[in-house]
Amino acid sequence: MNRFRMIAALALTYVVFAILLNSVGTVILQSIASFGVGKTEASLLELFKDLTIAAVSFGAASFLPLIGYRRAMILALALLGVACVLMPLWPGFRTTEVLFTCVGISFALAKVGVYSSIGLLTSDRAAHGRLTSTIEGTFMLGVLAGNWLFSAFINHAAPADLAWLNVYWVLAALCVVVIALLASSRMDESAAHNRHTSTIKGSLVEMLQLFVRPLVYVFLISAFLYVLIEQSFSTWLPTFNNEILKLPNAMSIQLASILPGAIALGRLAAGQALRRLHWYTLLNICVVGMAAIVLVSLPLARDVAPSADISWRNAPLAAWLFPLVGLLMAPIYPVINSVVLSSLPKPSHAAMTGLIVIFSALGGTLGSRITAVVFARSNGIDAFYFSLLPMSLVLLALFFFKRETDRRGPTGPTAIGLVAK
């Protein structure tokens, strides 16, 4: 097994999906301009993506151990590459719906494959946490790169120009490159099999049995709420910048890239913080800090007047301050994921990852949809004020999550070291 090559393949797989999954906000903005659709209809792209992820993940967790995680990721990238080619060949809003349906199917296969492979490539909880954080960090770097990649293809003088669709040729080529890397890599997957996961029925039963564990369902509630918040921010931030802060389309997308950049930086910084703070203390500080940034930055976004000579130097303060919520948002998802996965035997990782993906997808869909409805009926400021409610619920969910981990024994920072080392 070539461990380094396989880890590189997992990271690049996540980069490809990061670019496409988090392009929803950009594609919504461009679909409104290029295809003349309304906000509520455009928000359905999130639905096509996330509900497909949720539906396919349930089955994927059952049959992926049988076909192999590496083969599943190759299949996912091949489907994704074909969908990318369709975008410039048949431009239209219906094609974007097909694209994000394929993105959802492919990501369900890829995420179960990636997360389950992490358990096969690591030998203890600390190593599992470090690799999980690294992979999630590359995901956010992919999101950051994706914002700039898409903005580079947008015609600044005529935002409705279909030239932005040429970005999908680049993404299709990237899929081919990662497929080649996966095809030339090897990984021992024997540890992922046992007598229960040797059949689809057995894998389904094992997934359902996970629900009887309080640790699992408290974790799923936490993950659902976190993704609800993150997706509402990442999906609608470009539109918020454009309509509320009066920034041009391309600049709105570029400034929105501060959010994933902040998340990537926050996940690296969290590693150092976890050397000194218990994970539960750190996450509570993060959630409270997120709420504080929302309360400080949103009032600054009110009554912004449009400017003909707007630039990065004179952009509204809220355009810079609000995305910094990503710094504090960053540690939550990889921390809770690593805690729950490293607490389970390796043959259960595919089933658990399937549940993670399902509940994350549902949280993302609900968060984006609520933000879209409030955005359309009121304004973007009120839509983002709504995030304070799920933030409060995250604090409550984390309390019960810690209680369940304490009942399992003194895990502590070493077992849940994550990015700490």
Check: Ser252 side chain, Leu247 main-chain N or O, donor-acceptor pair, under 3.5 Å: yes

Within the 6.0 Å centroid threshold, strictly below: Phe100 and Phe107: no

Ile258 side, atom CD1; Leu265 side, atom CG - distance, nearest 0.5 Å: 12.5 Å

Side-chain donor or acceptor of Ser257 paired with backbone N/O of Gln254 under 3.5 Å: yes

Heavy-atom check, side chain of Leu259 versus side chain of Ser234, under 4.5 Å: yes

Atom pair CG (Asn166) and CG (Leu171), whose distance is rounded to the nearest 0.5 Å: 11.5 Å

Spacing of Leu277 atom CG and Leu283 atom CG [to the nearest 0.5 Å]: 10.0 Å

Backbone of Gly104 reached by a side-chain donor or acceptor of Thr52 within 3.5 Å: no

Geometric class of the Phe35/Trp164 ring pair [parallel <30°, tilted 30-60°, perpendicular >60°]: tilted

Exam field: side chain Asn22 to backbone Ala18, donor-acceptor pair closer than 3.5 Å: yes

Minimal non-hydrogen separation, Ile332 against Met290, with atom names: CD1-SD, 4.0 Å

Residues Tyr226, Ile229; criterion side chain to side chain contact (heavy atoms under 4.5 Å, CB included); working and verdict: CA-CA 5 Å; Tyr226 168 81; Ile229 298 167; 5.7 Å; no

Verdict with reasoning, Trp90 to Thr95, per side chain to side chain donor-acceptor pair (under 3.5 Å): CA-CA 7 Å; Trp90 287 280; Thr95 309; over 6 Å; no

Residue pair Asn155 / Ala157: nearest heavy atoms and the distance that separates them: OD1-N, 3.0 Å

Lys402 to Phe400 six-membered ring, cation-pi geometry met (6.0 Å, 45°): no

Distance flag, aromatic centroids of Phe240 and Phe322, threshold under 6.0 Å: yes

Flag if over 12 foreign heavy atoms under 6.0 Å of CH2, Trp320: yes

Side chain to side chain contact (heavy atoms under 4.5 Å, CB included) evaluation trace for Met329 with Glu230: CA-CA 8 Å; Met329 186 188 300; Glu230 183 187 321; 3.6 Å; yes

Check: Leu182 main-chain N/O paired with Arg70 side-chain donor or acceptor under 3.5 Å: yes

Shortest non-hydrogen contact from Pro323 toward Leu237: CG-CD2, 4.1 Å

Phe139/Phe17 aromatic ring centres below 6.0 Å: no

Under 3.5 Å donor-acceptor, Arg94 side chain and Pro91 backbone: no

Main-chain N/O of Val103 paired to Ser106 side chain as donor or acceptor, under 3.5 Å: no

Nearest heavy-atom neighbours spanning Ala397 and Ser222: CB-OG, 3.4 Å

Test salt bridge (Lys or Arg N to Asp or Glu O under 4.0 Å) applied to Lys49 - qualifying residues, sequence neighbours left out: Glu46

Qualifying residue for side chain to side chain contact (heavy atoms under 4.5 Å, CB included) with Ile19, from Leu174, Val143, Val167, Val170: Leu174

From CG (Leu398) to SG (Cys286), nearest 0.5 Å: 10.0 Å

Minimum-distance pair of heavy atoms, taken over all atoms of Thr13 and Ala9: OG1-O, 2.7 Å

Trace of the side chain to side chain contact (heavy atoms under 4.5 Å, CB included) decision for Leu21 with Ile53: CA-CA 11 Å; Leu21 283 166; Ile53 292 173; 4.0 Å; yes

Inter-residue atom distance Met73.CE - Leu12.CG, 0.5 Å rounding: 11.5 Å

Stepwise ring-ring contact (aromatic ring centres under 6.0 Å, His included) check, Tyr168 with Phe150: CA-CA 9 Å; Tyr168 290 101; Phe150 270 82; 5.7 Å; yes

Distance-minimising heavy-atom pair for Ile28 and Ala42: CG1-O, 3.6 Å

Worked verdict on Phe233 versus Val294 for side chain to side chain contact (heavy atoms under 4.5 Å, CB included): CA-CA 11 Å; Phe233 284 6; Val294 168; 4.2 Å; yes

Separation between CD1 of Ile135 and CZ of Arg267, rounded to the nearest 0.5 Å: 12.0 Å

Ser387 side chain vs Phe384 backbone, donor-acceptor pair below 3.5 Å: yes

